[in-house]
Amino acid sequence: MQIVLVGYMGSGKSVVGQALAIRLQLPFLDLDDYIEQEVGKDIPEIFRQKGEIFFRKKEHEFLREVLDSKDDLVLSAGGGTPCYSGNMDLLLNTTPNVFYLQMSVPALTARLIGEKDHRPMISHLRPEDLQEYIGKHLFERRPFYSRAHHSIPCEGKSVEEIVAAIAGKLV
Ligand code: S3P
């Protein structure tokens, strides 16, 4: 069984993915961690030294590699993964268990404001501009995320509640 979590940065993909993997006794893989390991640099360094296009190529290549392995796993995608290189089609054609972790713009902003400096997509923004940026960016990305088999509203829910909601929909 391959289970994939997608959603905007800060939507809880890694935390929820880890808890879900423990509950289901499946291996957990964070695509960003895998990219960092394989490239030998952290994500901000990759963006800084090689640029976003290089990152998106690697993201696609490693996503394909992980899915092709056919190993059972819970996979947390990166926030941009579904939006490039036909990755969402690849995900949807590989497994019936793709979940979008849905959160509102204000909730995402509140989570990301303290972490913005480690995230290359938003590190250049002034804190007061973050909410407007996330609003526009999510508007562009939502059509990709919404193609997931299930959208899980995560606002105000505990990790355990979100895990239970996902577990109840697995096929
Ligand atoms: C990105 C999200 C990040 C990471 C990279 C680009 C994006 O993943 O892949 O910084 O384009 O939204 P997380 O959503 O896991 O932070």
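The figures here come from the full heavy-atom set of this structure, side chains too, leaving out hydrogens, waters and symmetry mates. Numbering of ligands and ligand atoms starts at 1, following listing order.
- Neither the backbone nor the side chain of H137 has any atom closer than 4.0 Å to an atom of ligand 1 (non-hydrogen atoms only).
- Residue E155 qualifies as enclosed at atom CD: its count of foreign heavy atoms under 6.0 Å is above 12.
- Here the protein heavy atom with the shortest distance to atom 16 (O) of ligand 1 is R119 NH1, 2.5 Å.
- Residue P120 approaches ligand 1 through these ligand atoms, each under 4.0 Å from one of its heavy atoms: 10 (O).
- Contacts of C83 with ligand 1, taken as heavy-atom pairs under 4.0 Å, are absent altogether.
- By the criterion of a heavy-atom distance under 4.0 Å, both the backbone and the side chain of M9 are placed next to ligand 1.
- Of all atoms in ligand 1, listed by their number and element, those nearer than 4.0 Å to a heavy atom of I43 are 5 (C), 10 (O).
- The closest non-hydrogen atom to atom 1 (C) of ligand 1, taken over M121, E52, K13, comes from M121.
- Using cut-offs of 30° and 60° on the angle between ring planes, the pair H150 and F99 is parallel.
- A salt bridge links E132 with K136: the closest approach of a Lys/Arg side-chain nitrogen to an acidic carboxylate oxygen falls below 4.0 angstrom.
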For this session: Please assess H137 against R141 for the test side-chain hydrogen bond (donor to acceptor under 3.5 Å, both in side chains), listing each intermediate value before the final yes or no.
Result: CA-CA 6 Å; H137 205 197; R141 287 183 166 189; 3.3 Å; yes
For this session: Before giving the answer on salt bridge (Lys or Arg N to Asp or Glu O under 4.0 Å), spell out for K13 and D30 the whole-Å C-alpha distance, their side-chain angles and the decisive distance to 0.1 Å.
Result: CA-CA 9 Å; K13 301 180 295 291; D30 183 302; over 6 Å; no
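- Among all non-hydrogen protein atoms, the one lying nearest atom 15 (O) of ligand 1 is D32 OD2, 2.9 Å.
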For this session: Verify salt bridge (Lys or Arg N to Asp or Glu O under 4.0 Å) between E45 and R48, making sure each step is shown before the conclusion.
Result: CA-CA 5 Å; E45 253 182 305; R48 222 177 17 251; 5.3 Å; no
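- Aromatic pair H149/Y100: ring centres not closer than 6.0 Å.
- On a distance-only criterion, R141 and ligand 1 share at least one N/O pair closer than 3.5 Å.
- When non-hydrogen atoms are compared, ligand 1 lies under 4.0 Å from the side chain of R56 (C-beta onward) but not from its backbone.
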